[in-house]
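These notes are about the structure you will find just below.
Note that these values count all heavy atoms, side chains included, but never hydrogens, waters or copies made by symmetry. Just so it is clear, the model here is predicted, and its values are computed rather than measured. Below, read A as the first sequence line, B as the second, and so on, with proteins coming before strands; counting in each chain starts at 1.
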2 protein chains.
Amino acid sequence: MPTSKDVAQAAGVAQSTVSYVLSGKRPISEKTRKKVEDAIQQLTYQPNAGARALASRRTRVIGLVIPFIPELHMASIMEFVSVIANTARLYDHDILLVTEDEGAPGLQRVVGQQICDGLILMQVEGDDERLPVVRSLHVPVVLIGIPHDPSGLVCIDADFEMAGEQCVQDLAAAGHTVISVLDWQPEVVDRHVNYVERFMSGTNKAAETLGVKVLHLPGGTDREVIGESVDKALAETTGVPAFIAPDGTVQDVLRRVLTSRGLTPGTDVSVIGSASPTLAELQPIPLSTIDLRPAEVSRRAVKIICDLLEAENQGPTESLELVPTVITHRASTLRPPHGS
Amino acid sequence: MPTSKDVAQAAGVAQSTVSYVLSGKRPISEKTRKKVEDAIQQLTYQPNAGARALASRRTRVIGLVIPFIPELHMASIMEFVSVIANTARLYDHDILLVTEDEGAPGLQRVVGQQICDGLILMQVEGDDERLPVVRSLHVPVVLIGIPHDPSGLVCIDADFEMAGEQCVQDLAAAGHTVISVLDWQPEVVDRHVNYVERFMSGTNKAAETLGVKVLHLPGGTDREVIGESVDKALAETTGVPAFIAPDGTVQDVLRRVLTSRGLTPGTDVSVIGSASPTLAELQPIPLSTIDLRPAEVSRRAVKIICDLLEAENQGPTESLELVPTVITHRASTLRPPHGS
DNA sequence: TTGAAAGCGCTACCAT
DNA sequence: ATGGTAGCGCTTTCAA
């Protein structure tokens, strides 16, 4: 592997000049710049990341802490990961995976060994045990998810409250007066991620404002449970029933249960599910969907951390960003409640 | 951040001694070892990864090239990623994400800048355009997936041929004489991943041996297409129909189509899908599943590359490993073809 | 506008 | 069994 020294020699300049050509931190004459760039081309020189990190105290690597909980609808997690990795490249950074299995010590490890300059944590719980460690780390950290006490932390998440509101507004606008909301799976609720309550609070708020009734029913992946929830909903509804199922996995089960009851979403029952546009396309049954915009959340998380890394001299930043939700209406839109 | 120099000072030894205590590359007396370890504790010293990489020419980072194709059943890709990251830690390595968007130049970048010591490529196509670059790279690379010409490459994959055979054997053993095999989605087939033909060849082989009939039908996520395939299958079958749907996404659609035809998998139709045990548990309708053992494939891929890194002095290794498939029978097992 | 040289924090060789 | 020291390949300061 050629080094900057080789390039310098080939170009007939000092090694430091090569460095300055690359970094642009000092004016270089056209002549020498060209000589150096040619030499770089010839030798297919690429700077050594380790040496660069050692000298500059910047690795240009961001640690990404990913959850692996089978209940969490892996497909959407994968979308976060993919967008985060691609966005990081736009800012000339790379992503190092840190699995949740490593826990808080894992964070101390990658930061302590200076493998990465900052961290992004996904799926942050309300009372996440890693928060004390995060606060003690002397590098920028961005949380995806809002903990109960976000003081001193930089957080970002989709605006679940607005999502809840919009779902109810949409169904109310379609004429529904009774709306059933299926809860997330118990596994998610138990993690105390507070987006659950934020979403529910949004539905209640809209319900109150609009004078419609919202039924909160148990969710889960258990067909029986969903079956009961659906029956309860049907019993309390006259006309076309309406469901909101924010949890992707619950939504899958709901769809099956409705089908087995002879109900076709979009025709004799209104359903709003949740899915990113990308994934929504794959759904065999088109639904109205809430787009919680994972891609947007991911992009902004990366931008925030890169900005923090750029300006790592200012005082401690404390911010809390919410990304607005969007509702996408697809092939089968919402129906009026009495069969139109 | 404390350095090894600080530790040496605190322990009253030479800096190199600290290094040797950590690496164990030379005998150290109990006395000094303890002094050093205490100092490390006191200072919460962690070695600087950049300096270490620079001096040792080893980053202890493995690049993982992940696909992001919505059609690819992200849930299972995520399982690969997660297991790979965790396994890498067992060998004291970290995983750097390289997205497929970066293409072949991305590989040259992470290797050229010496950000990582080796690569794992997922979802390798039959005639993958990155192969020429991979062959030119002077670092170990492990491919998950078998290209048409694997010469000079290290590959690993599930044994799809055996999977195909076993599926047919199982259904034949349950008494089925006509077995319908749904193809992967066109998006997958178009990538010329050769596991598709390996699987199909396995089904044909077993069918011939056992004297049963195998129908190959179009797959996809399009409900219409699957509907037609199912109808065709039903027309050609007497008694209980039998389906094999290796593609996770196709399987989802198949399940819905069967339900809408009033057919319950496990009762009046036999279905073998594919799912890792982890994901299979989440299925609301228990099926017989082929376990292509993504976790096992992942673990072995990491082990292979770490072994290669360890022994990066021997001559060029050429290996091609297939991980045997397992068929897991779940709650609703296969039925005899005439309603028992 | 450019060059020389001093580190950055390790590893590993040469001594003792 | 341990210490001293020469790099590893960059960035950045100091000089010219």
Side-chain angles (χ1 to χ4, degrees), chain A residues 1-37 39-40 43-61 92 109 111-117 309 312-313, chain B residues 1-37 39-40 43-61 92 109 111-117 309 312-313:
Chain A
M1 293 269 180
T3 69
S4 65
K5 199 172 145 193
D6 300 325
V7 175
Q9 201 154 20
V13 299
Q15 191 209 30
S16 55
T17 302
V18 176
S19 178
Y20 283 117
V21 167
L22 254 44
S23 70
K25 288 192 181 174
R26 129 170 155 179
I28 302 282
S29 74
E30 257 332 300
K31 249 200 313 249
T32 43
R33 146 163 295 117
K34 176 142 179 45
K35 279 193 297 181
V36 170
E37 280 169 353
I40 288 178
L43 302 174
T44 64
Y45 164 74
Q46 302 200 239
N48 178 298
R52 185 171 264 194
L54 183 56
S56 68
R57 308 172 149 289
R58 286 234 162 303
T59 63
R60 308 200 71 81
V61 170
D92 197 27
R109 183 180 66 84
V111 171
Q113 299 188 166
Q114 295 166 74
I115 297 177
C116 52
D117 300 333
L309 289 172
E312 226 194 353
N313 25 10
Chain B
M1 292 273 178
T3 69
S4 64
K5 202 171 143 195
D6 300 324
V7 174
Q9 202 154 18
V13 299
Q15 193 208 29
S16 54
T17 302
V18 175
S19 178
Y20 284 116
V21 167
L22 255 46
S23 69
K25 289 192 180 173
R26 125 171 157 179
I28 302 281
S29 74
E30 258 331 300
K31 247 199 317 243
T32 43
R33 148 163 293 118
K34 176 140 181 45
K35 279 193 296 182
V36 171
E37 280 169 353
I40 289 178
L43 302 174
T44 65
Y45 165 74
Q46 300 200 241
N48 178 298
R52 184 173 266 192
L54 183 55
S56 68
R57 307 170 151 291
R58 286 235 160 307
T59 62
R60 308 201 70 80
V61 170
D92 198 25
R109 182 180 67 84
V111 171
Q113 297 188 171
Q114 294 166 74
I115 297 177
C116 52
D117 299 333
L309 289 173
E312 226 193 356
N313 25 11

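Between B:Gln114 and A:Ala49 the shortest heavy-atom distance is O-CB, 4.3 Å. The two atoms that bring B:Val36 and B:Val7 nearest to each other are O-CG1, 4.1 Å, heavy atoms only. Listed here is the closest heavy atom pair of B:Gly112 and A:Gln46: CA-OE1, 3.4 Å.
Of all nucleotides listed (D:dA1, C:dG9, D:dC10), D:dA1 comes nearest to the side chain of B:Pro27. Listed nucleotides: C:dT2, D:dT2, D:dC10. Nearest to the side chain of A:Ile28: C:dT2. Closest to the A:Leu54 side chain, of the nucleotides D:dT2, D:dG7, C:dC8, is C:dC8. With C:dC10, C:dT2, D:dG9 as the choices, the nucleotide that has an atom nearest any side-chain atom of B:Ala55 turns out to be C:dC10.
Within the 4.0 Å cut-off from OP1 or OP2 of C:dG9, not a single side-chain nitrogen or oxygen of B:Ser4 is found. Remark: A:Ser19 is in phosphate contact with D:dT11, judged by side-chain N or O atoms under 4.0 Å from OP1 or OP2. Proximity of A:Ser56 to the phosphate of D:dT11: no side-chain N or O atom is located under 4.0 Å from OP1 or OP2. Residue B:Thr32 has no polar side-chain atom (N or O) positioned under 4.0 Å from OP1 or OP2 of D:dA1.
Computed from coordinates, the B:Lys31 NZ to D:dA1 P distance equals 12 Å when rounded to whole Å. Residue B:Lys34 contributes atom NZ, which lies 19 Å from atom C1' of D:dA1 at whole-angstrom precision. When rounded to the nearest whole Å, the span between CZ of A:Arg52 and P of C:dG9 equals 18 Å. The NZ atom of B:Lys35 sits 15 Å away from the P atom of D:dA1 (whole-angstrom rounding). Distance A:Lys5 NZ to C:dG3 P: 16 Å, rounded to the nearest Å. Between the CD atom of B:Gln114 and the P atom of D:dG9 there is a distance of 8 Å, given to the nearest Å. Between the P atom of C:dT11 and the CG atom of A:Asn48 lies a distance of 15 Å, rounded to the nearest Å. Here the C1' atom of nucleotide D:dG3 and the CD atom of B:Gln9 are 15 Å apart, to the nearest Å.
Scanning atom types as modelled, one donor and one acceptor separated by under 3.5 angstrom connect the side chain of B:Tyr20 and the base of C:dC13. A donor-acceptor contact under 3.5 Å is not formed by the side chain of A:Arg26 with the base of C:dT1.
Looking at heavy-atom distances under 4.0 Å, B:Thr3 makes contact with sugar-phosphate atoms alone, never a base. The residue B:Arg57 sits close only to the backbone: its heavy atoms come under 4.0 Å of sugar-phosphate atoms, none of a base. Looking at heavy-atom distances under 4.0 Å, B:Ser16 makes contact with a base. Counting any heavy atom pair closer than 4.0 Å across all strands shown, A:Val18 reaches no nucleic acid atom. Nucleic acid contact class of B:Ser29 (heavy atoms, under 4.0 Å, all strands): sugar-phosphate only.
B:Arg52 places a side-chain heavy atom less than 4.5 Å from the side chain of B:Leu22. In this structure, the side chains of B:Thr17 and B:Ile28 come closer than 4.5 Å at one or more pairs of heavy atoms.
No donor-acceptor pair closer than 3.5 Å links the side chain of B:Asp117 to the backbone N or O of B:Arg58.
The 5' end of DNA chain D is approached more closely, in terms of each residue's nearest nucleotide, by B:Gly12 than by the other of B:Gly12 and A:Thr17. Between B:Ser23 and B:Gly50, the residue anchored nearer the 5' end of DNA chain C, judged by the nucleotide with its closest heavy atom, is B:Gly50.
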